[in-house]
Undergrad: 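Dropping a structure here in structure tokens format, bear with me for questions.
As the structure is a computational prediction, the values presented were derived from the model and not from experiment.
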Number of protein chains: 2
Amino acid sequence: MKDVAARAGVGLKTVSRVVNGEPGVTQETERRVREAIEALGFRRNDSARILRKGRTATVGLVLEDLADPFYAPLSGAVEDVARAHGSLLIHGSSGEDPAREEELVLALCARRVDGLVVVPASSDHRYLEPELAAGVAAVFVDRPPGRISADTVLSDNYGGARGAVEHLVGYGHRRIGFIGDHPGIHTAAERLRGYRDAMADAGLAVAAPWTSLGSTEPARVAAECVRMTSGPEPVTALFTGNNRVTVTAVRTLAAGGRAAALVGFDDFEMADLLSPGITVVAQDPAELGRRAAARLFQRLDGAAGDPERLVLPTRLVARGSGERPPAV
Amino acid sequence: MKDVAARAGVGLKTVSRVVNGEPGVTQETERRVREAIEALGFRRNDSARILRKGRTATVGLVLEDLADPFYAPLSGAVEDVARAHGSLLIHGSSGEDPAREEELVLALCARRVDGLVVVPASSDHRYLEPELAAGVAAVFVDRPPGRISADTVLSDNYGGARGAVEHLVGYGHRRIGFIGDHPGIHTAAERLRGYRDAMADAGLAVAAPWTSLGSTEPARVAAECVRMTSGPEPVTALFTGNNRVTVTAVRTLAAGGRAAALVGFDDFEMADLLSPGITVVAQDPAELGRRAAARLFQRLDGAAGDPERLVLPTRLVARGSGERPPAV
DNA sequence: TAGGGGCTAGACAACGTTGTCACGGTACGG
DNA sequence: CCGTACCGTGACAACGTTGTCTAGCCCCTA
């Protein structure tokens with residue numbers, strides 16, 4: 001910038017004015033400055049600008065895995081909202097590791113992002129307290145924060161799970177299995193609760209072998225599928241706790257020629273083209289992202305008030321697999 | 001940091017030393033400093049650090065749409081490599097708009113990212129010349145840069161397309177249609193070229209109504225599907241130019257009960273579970289991202305030499321739909 | 001005991017920008 | 001014709017950190 005000023009024969013501040021489109025510069029002066037900028041290939045250094053101004057026009061997003069088809073639209077929605085507010089998005093994947101989440105979040109804070117959207121992997125976010133006190137805004141999405149209070153946007157996991165199980169019960173199923181993610185994950189725990197309550201309300205006992213929470217690794221899920229649909233009293237229906245589990249379950253049932261009805265949490269592409277179509281509890285991940293980002297920018301624009309918790313409804317999409325077992 | 005220094009009764013530089021784990025600080029002094037840091041909730045301001053050091057430990061990624069199932073794994077792979085090199089990833093979606101691409105890339109450069117991985121939407125990247133001259137590294141992936149020379153990682157779009165068409169020809173198809181993305185997009189153009197050459201090599205004429213390049217909007221693609229499979233001389237097979245087109249084609253053929261064999265470019269989840277399974281030309285998007293990011297960090301680590309172009313092979317995954325028409 | 005070497009610690013400048021303020025010149029009104 | 005207001009412009013400090021350089025201390029040795 002110094003060089004540009006020298007070449008154009010003007011002061012430093014005048015270059016700054018031109019670069020930022022501030023008023024108070026003659027057309028002629030502006031022309032000379034722009035010429036010098038062009039000639040020298042000058043680009044403003046935003047690090048210095050940020051240092052001076054305090055605001056970075058950047059928001060951070062931390063989620064579990066960007067490549068997961070559930071999170072990709074969420075991430076895209078956050079980006080759209082950020083762009084509409086003139087902000088860039090810095091992104092990191094925690095891989096469901098609390099330590100990595102904290103590391104990432106603090107790295108983003110050190111970069112002085114204006115705000116954060118977090119899909120938490122950790123269950124204790126007190127490490128964020130100094131940041132929040134320092135004025136960083138944070139919105140949690142998909143799962144609530146742990147041991148601090150902050151704006152949160154969730155899906156109705158409990159209600160969605162209840163609806164799924166009620167759907168299966170409605171088709172006469174009595175032995176219904178549930179395969180879900182690690183119980184430490186809020187969504188998994190809520191879906192389990194919904195499953196249990198729906199079963200209880202229907203007057204059905206839940207045998208211990210019918211619930212299995214843990215890794216969503218295909219190998220584990222496939223083994224559980226096989227186990228639950230075998231033996232003297234196999235389940236006649238499965239409720240799968242998220243898109244990864246559902247996909248593996250469909251594949252396993254198809255490969256083994258096993259007959260079990262199926263309802264999955266999370267919609268997925270092509271679910272309608274299998275035969276029968278896979279019945280799912282659909283969330284709207286893009287809407288989750290949009291709402292969370294919108295809330296974040298409200299806070300950044302100065303919205304005060306207590307943290308809000310927003311719960312978005314889910315939608316049961318019946319396609320047939322809740323009735324007849326999927327076969328391929 | 002000033003406050004921390006004051007509270008600990010030490011100099012500014014000593015705090016800096018502690019924060020960065022530099023040697024030359026007594027245990028006792030370090031303890032006092034850490035205590036002050038804790039008490040004040042101090043976090044280093046990376047903007048200032050970046051300003052001072054010149055390196056940001058951040059790389060930028062610009063692609064078309066983060067939510068696209070093809071780009072999500074690519075993005076994830078770039079992030080993994082970046083993390084392995086201690087860098088953060090800043091990310092932006094161009095939405096296939098050249099102006100937006102330029103805007104994003106320059107915004108990232110203004111943030112002084114160390115390097116860029118770009119899936120270009122533009123066909124003219126001369127705007128990057130000043131940045132490259134200033135030492136920013138850039139690697140292009142999935143599509144080559146326009147009017148500048150830079151490291152590039154591509155899939156073998158031409159060869160993959162040839163293979164797809166040869167596969168269809170091998171099953172006796174003579175009237176084969178191609179529905180692809182906008183011809184201005186490198187991958188679409190290459191796949192078209194592969195289609196044409198394979199048809200020519202098989203001694204087959206390509207009637208004008210059999211090729212359709214343009215938006216991948218479901219409405220357009222569905223209409224083209226219907227058109228090509230109708231009339232007095234309908235195609236007996238379709239080659240679809242990317243995952244979005246393929247999905248719409250499968251859906252349209254199924255909904256209309258239309259019989260046409262199908263090979264799609266890009267693999268997608270569940271392709272194996274439809275009946276018949278959808279035959280695809282599979283790319284490895286994660287590998288594209290990994291290779292591009294690896295190349296970027298080689299450059300950042302000082303690798304000299306001319307730009308390299310790396311072309312990754314594709315793989316034909318035959319699942320049946322190249323032979324019999326998909327039906328649902 | 002004096003001198004030298006090694007080690008800890010602090011003062012200071014610099015990174016590149018922007019906000020504040022002051023300056024000189026011009027136009028306009030009294 | 002003088003005073004005032006306003007406009008374009010530049011000098012300067014400040015943002016928070018790190019690299020360099022130097023000062024002071026302690027301990028060891030001659």
Undergrad: Considering residues at least two apart in sequence or located in another chain, which fulfil the ring pair (Phe, Tyr, Trp, His ring centres under 6.0 Å) criterion with Phe42(B)?
TA: none

Undergrad: To the nearest Å, how far apart are Asp46(A) CG and dT17(C) P?
TA: 9 Å

Undergrad: Once you round it to whole Å, what is the distance between P of dA11(D) and CE of Met1(A)?
TA: 13 Å

Undergrad: Would you kindly say whether Glu64(B) and Ser94(B) are connected by a side-chain donor-acceptor distance under 3.5 Å?
TA: no

Undergrad: Thinking salt bridges, do Arg143(B) and Glu96(B) make one under a 4.0 Å N-O criterion?
TA: yes

Undergrad: How many whole angstroms separate atom CZ of Arg17(A) from atom P of dT20(C)?
TA: 12 Å

Undergrad: Using heavy atoms to find the nearest nucleotide of DNA chain C for Arg112(B) and Val25(B) separately, return the residue whose nucleotide is more 5′.
TA: Val25(B)

Undergrad: Salt bridge or not for Arg31(B) and Glu38(B), using N-O below 4.0 Å?
TA: no

Undergrad: Have a look at Arg299(B) and tell me which of Asp306(B), Asp151(B), Asp114(B) forms a salt bridge (Lys or Arg N to Asp or Glu O under 4.0 Å) with it.
TA: Asp151(B)

Undergrad: If only side-chain N and O atoms of Thr14(B) are considered, is one of them under 4.0 Å from the OP1 or OP2 phosphate oxygen of dA9(C)?
TA: no

Undergrad: For Glu28(A) and dT9(D), what is the distance between atoms CD and C1' respectively, to the nearest whole Å?
TA: 14 Å

Undergrad: How about CD on Glu28(A), more than 12 heavy atoms from neighbouring residues, nucleotides or ligands closer than 6.0 Å, or not?
TA: yes

Undergrad: dT18(D) phosphate, OP1 or OP2: any side-chain N/O from Arg49(B) under 4.0 angstrom?
TA: yes

Undergrad: Looking only at side chains, do Glu102(A) and His125(A) share a donor and an acceptor under 3.5 Å apart?
TA: no

Undergrad: Would you mind reading off the distance between Ile50(A) atom CD1 and dG16(C) atom C1', rounded to a whole angstrom?
TA: 12 Å

Undergrad: Please enumerate all protein N or O atoms sitting under 3.5 Å from an N or O of nucleotides 23-27 of chain C, with distances to 0.1 Å.
TA:
none

Undergrad: Just do the side-chain contact (heavy atoms from CB on, under 4.5 Å) check on Arg309(B) and Phe140(B) with the steps written out, would you?
TA: CA-CA 9 Å; Arg309(B) 167 186 284 231; Phe140(B) 288 77; over 6 Å; no

Undergrad: Using a heavy-atom distance cut-off of less than 4.0 Å, which residues of residues 36-43 of chain A contact DNA chain D?
TA: none

Undergrad: With a 4.0 Å cut-off on heavy atoms, is Val19(A) in touch with a base, just the backbone sugar-phosphate, or nothing at all?
TA: nothing

Undergrad: With a cut-off of less than 4.0 Å, is there a side-chain N or O of Ser16(B) near OP1 or OP2 of dT18(D)?
TA: yes

Undergrad: Any side-chain N or O of Thr29(B) less than 4.0 Å from the OP1 or OP2 oxygen of dA9(C)?
TA: yes

Undergrad: Just jot down the side chain to side chain donor-acceptor pair (under 3.5 Å) partners of Glu103(A), sequence neighbours excluded, or say none.
TA: Arg100(A)

Undergrad: Tabulated below should be each protein N or O lying under 3.5 Å from an N or O of nucleotides 13-15 of chain C; please produce it.
TA:
from: dA14(C); atom 1: N3; to: Arg52(B); atom 2: NE; distance (Å): 3.0

Undergrad: How many whole angstroms separate atom CZ of Arg32(A) from atom P of dG8(D)?
TA: 15 Å

Undergrad: Can you measure Arg31(A) atom CZ to dG8(D) atom P for me and round it to whole angstrom units?
TA: 17 Å

Undergrad: Let me know the distance between CD of Glu22(B) and P of dA9(C), rounded to the nearest Å.
TA: 13 Å

Undergrad: May I ask you to verify whether the side chain of Lys53(B) and the base of dG19(D) hold a donor-acceptor pair under 3.5 Å?
TA: no

Undergrad: Identify whether the distance between the nearest side-chain nitrogen and carboxylate oxygen of Arg290(A) and Asp80(A) falls below 4.0 Å.
TA: no

Undergrad: OP1, OP2 of dT8(C) versus side-chain N and O of Thr26(B): anything below 4.0 Å?
TA: no

Undergrad: Say whether Arg44(A) and Asn20(A), considering side chains only, have a donor N or O and an acceptor N or O under 3.5 Å apart.
TA: yes

Undergrad: According to side chain to side chain donor-acceptor pair (under 3.5 Å), who are the partners of Gln298(B), at least two apart in sequence or on a separate chain?
TA: Arg295(B)

Undergrad: Looking at dT20(C), dT18(D), dG10(C), which one has an atom nearest to any side-chain atom of Arg44(B)?
TA: dT18(D)

